[in-house]
Amino acid sequence: MNEHDTLGERLRRQGVSRRAFLKFCAAMASLMALPPGAAAAIAETLVRTRRPSVIWLSFQECTGCTESLTRSHSPSLENMIFDMISLDYHHTLQAASGFGAEKSREDAMKDNYGKYLLLVDGSIPLGEGGAYSTIAGRSNLDLLQEVAKGAAAIVAVGTCASFGGIPEAKPNPTGAVPVSHIVKDKPIINISGCPPIPVVITGVLAHYLTFGELPARDHLGRPKAFYGETIHDRCYRRPFYEQGKFAKTFDDEGARNGWCLFELGCKGPTTHNACATVKWNGGVSFPIESGHGCIGCSEPHFWDAGSFYAPLSTPSAKVSTLAAGAAAAGAAAAVGLSALDRANRHRAQDAHEKMTSKDL
Amino acid sequence: MNLHSVPLKIENVADYSIGNLRALLNEIAARLERLAEDGIASSIDLKSLPFAPGEYEQLRFLLGTGEVSARIEAIGPSAVVETRYAGVWWVTHYNVEDDIIADSIDITTLPEILKSQPADIRDGLALLHVQLNDEVQP
């Protein structure tokens, strides 16, 4: 295969018709959350695209993000690797090891300096001079700083690389930090999630290929197309929330009827991700569809945000009404009331009591 | 205890909807009106919409099947079906492993994917010329 061929030339040589390519682009448009009518425009651009070099660095992580990507159905990982990107370095997937593996990274960096895409999964430990995680005798910090220098853009894959994730959870023994804490002078996109949705990873790569730049991002650096709305916004159980129908336990009539899981601790209202529409396992379902609330894994510090089974804290009408009245009488009284409310909530949480909206 | 003694409640999915479908059908109607009056084609990506279990099947049932049904074989099959409402097409693309990779309702006179593409036409013409040149003339 000629490395400098465009995608269109390669596909044509493989006997792939333009109609088949158009179909592929329809899938891509759906992936990137673009209007279906964008497929033709994507096809026009992609046929002229040359595949970029990609270097994937795995730091303090569990390989769940790679496991997620290898389960990406549309387009398949094989398509991604052989047709759309040139994956030149990835510990887990590459055949080479030891010096050979490190040489392939150095070669890719030299040949594509300033143009390659850097993907990172895992957080970077800063404690003890970075000794908690090393590759080929070098600390993660050292490796990231070197590879980031020549990258055109950086994709932080997973909550660990995006926000620190589980390694950064209290008490953060390794001093873990996200990529954005280290690299300040390159465009970075955060694809958070523990793990992130596989098609969101491929969707972001497809966007970069098609438009030559990272997609629009929210205030946390995540692609707006996938993180623009909350799980709650797009949840199929939302009509039950509006009707006030909530499951109170995991085996009551409400749970059997598929009612809203808010009171069982669902973090859908505060979690931005595309699980409710893109779903998992090739579009089979997502946690709420299986009867469990969202745990909010694509948000910063989700592991330290209280019990997965405690309802989200929302001020009750009673407390806010009282507080408003108290505010008129004196600010100190209002502070006292809200502190009392917080104390009640904490007591209930400590005692592992199930909280209801009444408790709040 | 055998399997038959487990108290299962079987629900009929054919008439099950918690309200998401009505919104979608209204959107289809609005877009069809635009096609009828101004000739503007559009498309709805079904993969970006929330469906409760059973609602997707219910949508299939409600839209039904019309006069045209086509199957495309291009890196996996694609089903292009005109629903019972002329101008409303259901286009589903599968990959070679039969996973759905794109699923849309196209409100148009003819989905683009059914048309022969100019690049393919040029390739076909070249192939035909090669075949004509290779043939032994009588």
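Every chain is numbered from 1, with letters handed out A, B, ... down the list of sequences.
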query: Can you tell which of B:E112, B:K115, B:E73 has the highest number of heavy-atom pairs within less than 4.5 Å of chain A?
result: B:K115
Segment of B:S42 engaging chain A (4.5 angstrom heavy-atom cut-off): neither
- request: Name all pairs fulfilling the side-chain hydrogen bond (donor to acceptor under 3.5 Å, both in side chains) condition that reach into residues 18-27 of chain A, sequence neighbours left out, sorted by first residue then second.
  value: A:K23-B:S78
field: Proximity breakdown for B:Y94 and chain A, heavy-atom pairs closer than 4.5 Å
entry: backbone
- request: Against chain A, label B:D103 side chain, backbone, both or neither, depending on which of its atoms sit under 4.5 Å from a heavy atom there.
  value: neither
statement: The reported gap from CG in B:L49 to OG1 in A:T277 (rounded to nearest 0.5 angstrom) is 8.5 Å
message: Does atom CD (A:E242) have a neighbourhood of more than 12 heavy atoms from anything else shown, all under 6.0 Å?
response: yes
field: Region of B:L46 that comes under 4.5 Å of a non-hydrogen atom in chain A
entry: neither
- request: Quick one: pull up CD1 in B:I75 and CZ in A:F24 and give me the separation to the nearest 0.5 Å.
  value: 7.0 Å
Residue pair B:A74 / A:A20: nearest heavy atoms and the distance that separates them: CB-CB, 3.5 Å
